[in-house]
Structure formats: C-alpha cells, structure tokens
Amino acid sequence: MTNFPLLITEWYQRNKRDLPWRSTKNPYHIWLSEIILQQTRIDQGLSYYHRFIDHYPDIHHLANADEQEVLRDWQGLGYYSRARNLHFTARQISKERNGVFPGNYTELVKLKGVGPYTAAAIASFCFGEHRAVVDGNVYRVLGRFFDIELPFDSGPGNKHYASLAQSLLPQKDHSTYNQAIMEFGALQCTPANPNCIECPLNHQCLALANGTVTARPVKEGKTKIRKRYFDYYLFLQDGHVLLEKRTKKDIWQHLFQFPLIERSEVLSPKKSPAPIEGFQETHIFELPKHVLSHQHIFARIWLASSFPDEDIWQNKNWIKVPLNELEKFPLPQLLHRFVQNELENCV
DNA sequence: AATGCGGGGCT
DNA sequence: AGCCCAGCATT
C-alpha cells in the first residue's frame, strides 16, 4: 500500500497552474481543450483554445461553421485530422443529440477523435466517473515511481499501465487526482531534468533509488526520419495566385498549397523540369529546412510573374485566388510563414 | 501490432 | 539529431 495518490494530490494543491478548463465542467469546453492538447503542450495550445471559444462559443456554432474555416483556425497546430474530427463530432452532437454530450466513458469513446485518454478525461472531469486517465505524463510518473521495465507502447505494457493507474485512483476526489498526476508529470516529474531533489516522492520513488530515472518510462518504438524535397510553383499575376488542395493520404491532407512537384532527390535547378508548359521563373526562394516528427522537408518556391493559359491547367484541381483572400485557405505552417514573411516582397 | 500524422521545445 | 508533448485512426 502506498500514499502515492495523497502525496500527488497535495503537491497539486500547492503547485497547480490556473488554466481556463480547470474552472469548468462544461463538456464542450473540456472536450475542446482535450482535443487541442493531444500531443500538444499547453503553452502551444492555449491561444488556440481561446480562439475557438471566441469564434465558436458553443457546440452549435462549431457545427454550423465551414470545415475550411475550422481548419483555418487550426492552422499551425498540426495533426489536422483533429480539426476535422472535432468539426464532424460537433455536427453529430449538435444535430443528433441536440448539443448534449454523451455522459459516460463507453459512449464518449465512440466519438470520432475521442480515444481512451480523452474519453476518460471527459468522463472524469465533467461527469465524476471513476476512471483513470492514462497519458504520456502518467506513463512517465508511474514508470518512474514503480520503476516499470515494460514498454508503455507495447500491448502488455499498455494493459499493465492502464490497470495500475486505475488501481491507484482514489475513491475520493478522483477527478482532482487525475488532474494532479498529469500536472505533476508536466511540472515536476518532467521528461528531461526532473526535479527529484525537491520531489515529495523522492524517498519512495523506485527509479530514483535504482538510478533509472532517465531510463523510465521504457519505450520500444524508435523514430525514423524521411527526407522529402518539394518544389512549389507560385504563379503570381494581377494580384492572384494559383492554389491546389492536398487530397492524397499524406501529410497536410485537406490543406492548400501552391502547385507542388515532389522530387525524389536533392533539387538541381538546372535539371528540374518546368511544372507546366511555358513556365518561366523569375525568382527562387529557398525555404528553411522544415523539421517534423517523422520527416524533414527541403522546400523551395519557384516564382513566376504570369499565369499559364487557363486551358492548360483547367483540368487540374487548381484554383485562382485573389491575394486578399489567401488568408481564408488553411496552409501548412511552412507556407503560412512564407506568405507572412516573404510574399509581400514579390507583389 | 505497426505505422502515419505537425509543430514546437528541449537536451 | 533525437526525444517528448493532456493520442488517435487506420491498416
């Protein structure tokens, strides 16, 4: 038996941050915050949370918005399927359930974009269900305190962590404890440089006693990075540009871009063929290397000061967009930055 | 069970 | 350069 939950909760009362979703049980607000915070740090997601609350005060506003508008508000946050699932689920709950969220884990986990973690969080925070949350923080805190050698990203490891977390969940104030263990992982038992010296659990932490703190939790999957080479073609004439929508199952699906040709090797300006008949570039922008979790993208933008004849590209899914409407189209972050920082120099 | 999906921050 | 982040959907 351990007083682990009590110590975690007491630490939380002394150290918790004041965050907007901590002072409500509104399922719409909690759900929105949890979707935004999937694989995303609070510092990065907070402004997006405020923007969505501002633009879509309740779930019906979100349901009645256009998907492209939602994607535009999500621009820069990454994992864009979250935004599409958010919008889909808002429409579903608004139309089919009159805006009322499912009230328990089993029903919540059926929603698109809501998995075991998010369903547990909503069930616990909004409805007081006795259900332990298991996120990256929980893997780390439990993996260290109990010095768990089982990888958390394996089948057996996943089940072990889930049942351990559930067994530790107190009967009283379990919702607060769920918040507490995640906050403890985010602020005290951090991935790098955990503050073990001042930790209230340092006398009972098995990983600290065994000198395995930095080795916990164990993960078996390793990341492999792919290099990609993108040639964008920016046709700029009379205050208009050509855009195309990404439709393939690939990065940035459903976002827009300048017409793109992907090369299989390092770009050679002399050998790169023109994207279309009559293309004549006037400038080449080298974009900074775009570093993502599983790929590095080397991109350049070829600028042409005139459009090709429309009958040449009308069979492609390219659209002609006035520059002052460009901001309505969700772009990948590397193109958004280019538009913000460089495009005005071309016009 | 394994893989793909963003962008930012840290070591 | 590699790992992590209030994970999930797809295959």
Side-chain angles (χ1 to χ4, degrees), chain A residues 16-17 19-22 30-49 71 74-86 88-89 108-122 124-125 132-141 143 151-159 161-162 165 178-187 189-194 214-228 246 248-255 288-297 330-337:
Chain A
K16 66 179 175 185
R17 292 168 286 185
L19 297 171
W21 48 86
R22 292 249 168 91
I30 299 293
W31 166 68
L32 175 61
S33 74
E34 295 299 344
I35 301 299
I36 288 174
L37 293 176
Q38 286 168 3
Q39 293 293 285
T40 303
R41 292 172 190 279
I42 288 173
D43 288 343
Q44 188 185 358
L46 188 56
S47 67
Y48 286 84
Y49 176 80
L71 279 171
W74 199 270
Q75 178 176 278
L77 198 54
Y79 285 167
Y80 296 94
S81 65
R82 288 185 293 171
R84 302 206 336 134
N85 290 337
L86 188 83
F88 177 93
T89 297
L108 285 163
V109 81
K110 296 176 181 173
L111 300 174
K112 200 173 286 191
V114 174
Y117 164 75
T118 303
I122 299 172
S124 173
F125 302 152
V133 297
V134 184
D135 74 333
N137 292 300
V138 174
Y139 286 133
R140 189 170 55 258
V141 173
F152 67 84
D153 59 341
S154 68
N158 207 291
K159 287 167 64 177
Y161 275 98
N178 272 335
Q179 293 273 358
I181 189 171
M182 292 193 288
E183 187 80 332
F184 183 81
L187 298 182
C189 193
T190 49
N193 302 326
T214 59
R216 300 287 180 267
V218 175
K219 180 185 177 185
E220 66 181 10
K222 20 217 153 269
T223 58
K224 179 134 188 198
I225 291 176
R226 178 163 66 128
K227 293 184 179 179
R228 303 179 74 172
R246 291 183 69 87
K248 292 203 280 283
K249 295 190 105 169
D250 190 4
I251 189 174
W252 302 321
Q253 190 184 17
H254 307 298
L255 272 60
K289 178 166 79 160
H290 195 63
V291 179
L292 300 173
S293 299
H294 291 88
Q295 44 191 312
H296 292 177
I297 294 175
L331 305 175
Q333 187 71 337
L334 88 168
L335 290 184
H336 176 65
R337 263 201 285 263

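In terms of heavy atoms, A:Pro116 sits closest to A:Val109 at N-CG2, 3.9 Å. Residues A:Tyr80 and A:Leu71 share a closest heavy-atom pair of O-CD2, 4.0 Å. Residue A:Ala162 comes nearest to A:Val134 through the heavy atom pair CA-CG2, 4.2 Å, listed as atom of the first residue, atom of the second, then distance. Contact between A:Gly76 and A:Gln44 at its shortest, heavy atoms only, is O-NE2, 4.1 Å. Closest approach of A:Asn178 and A:Phe125 over heavy atoms only: CB-CE2, 3.8 Å.
One interatomic measurement links the two molecules: CD of A:Glu220 to C1' of C:dC4, which rounds to 17 Å at whole-angstrom precision. Distance A:Asp250 CG to B:dG6 P: 9 Å, rounded to the nearest Å. Look at NE2 on A:His296: it is 11 Å from P on C:dC3, rounded to the nearest Å. Following rounding to the nearest Å, A:Leu292 (CG) and C:dC3 (C1') show an atom-to-atom distance of 15 Å. The CG atom of A:Asp43 sits 13 Å away from the C1' atom of C:dA6 (whole-angstrom rounding). When the P atom of C:dC3 is taken as reference, atom CG of A:Asn137 falls 19 Å away, rounded to whole Å. The interatomic distance linking A:Arg226 (CZ) with B:dC5 (C1') rounds to 12 Å, in whole Å. The nearest whole Å value for the distance from the CZ atom in A:Arg246 to the C1' atom in B:dC5 is 12 Å.
In this structure, A:Asn193 does not reach the B:dC10 phosphate: none of its side-chain N or O atoms is under 4.0 Å from OP1 or OP2. Phosphate proximity of B:dG7 to A:His290: present, with a side-chain N or O under 4.0 Å from OP1 or OP2. For C:dG7, the OP1/OP2 oxygens have a side-chain nitrogen or oxygen of A:Gln39 closer than 4.0 Å. Residue A:Gln295 has a polar side-chain atom (N or O) positioned under 4.0 Å from OP1 or OP2 of B:dC5. Between A:Ser293 and B:dG6 there is no side-chain polar atom (N or O) within less than 4.0 angstrom of OP1 or OP2. Between A:Tyr80 and B:dG7, a side-chain N or O to OP1/OP2 separation shorter than 4.0 Å is present. Within the structure, a side-chain polar atom (N or O) of A:Gln333 is placed less than 4.0 Å from OP1 or OP2 of B:dG8.
The base of C:dC4 is paired with the side chain of A:Arg41 by a donor and an acceptor separated by under 3.5 Å. For a distance-only test at 3.5 Å, the side chain of A:Thr40 fails to qualify as a donor-acceptor partner of the base of B:dG7. The base of B:dG7 lies close enough to the side chain of A:Gln44 for a donor and an acceptor atom to sit less than 3.5 Å apart.
Within 4.0 Å of A:Val114, counting heavy atoms only, lie sugar-phosphate atoms of the nucleic acid but no base atom. Among the atoms of the strands shown, none is found under 4.0 Å from any heavy atom of A:Ile122. When heavy atoms are screened at a 4.0 angstrom cut-off, A:Trp74 is found touching no nucleic acid atom at all. Among the heavy atoms of the strands, none lies under 4.0 Å from A:Ser33. No engagement by A:Gly185 is indicated, since no non-hydrogen atom pair under 4.0 Å with the nucleic acid exists. At the heavy-atom level, A:Gln179 lies under 4.0 Å from base atoms of the strands shown. Residue contacts for A:Leu77: at a heavy-atom cut-off of 4.0 Å it reaches a base atom on one of the strands shown.
The same atom, P, is picked in B:dG4 and in C:dC3; the two are 16 Å apart, to the nearest Å. Here the separation of C:dC4 from B:dC5, taken at their C1' atoms, is 15 Å to the nearest Å. Only the P atoms considered, B:dT11 is 15 Å distant from C:dA6, to the nearest whole Å.
Of the two residues contacting DNA chain C, namely A:Gly113 and A:Arg17, the nearest-nucleotide position lying further toward the 5' end is that of A:Arg17. In this structure, A:Lys289 and A:Arg22 both approach DNA chain C, and ranking their closest nucleotides by distance from the 5' end singles out A:Lys289. Of the residues near DNA chain B, A:Ala192 and A:Gln38, the one whose nearest nucleotide (by heavy atom distance) lies more toward the 5' end is A:Gln38.
A donor-acceptor contact closer than 3.5 angstrom is absent between the side chains of A:Arg82 and A:Gln38.
Rounding to the nearest 0.5 angstrom, the gap separating the NE2 atom in A:His336 from the CG atom in A:Leu255 is 11.5 Å.
Closest to the side chain of A:Arg140, from the set C:dA6, C:dC5, B:dG6, is C:dC5. When the nucleotides C:dC3, C:dA6, B:dG7 are ranked by their closest atom to the side chain of A:Thr223, C:dC3 comes out on top. The side chain of A:Lys249 lies closest to C:dT11 when the candidates are B:dG6, C:dT11, C:dA6. Between B:dG6, C:dG2, C:dG7, one nucleotide has an atom nearer to the side chain of A:Ile225 than all others, and that is C:dG2.
Ring planes of A:Tyr139 and A:Phe152: parallel class, angle under 30° (limits at 30 and 60°).
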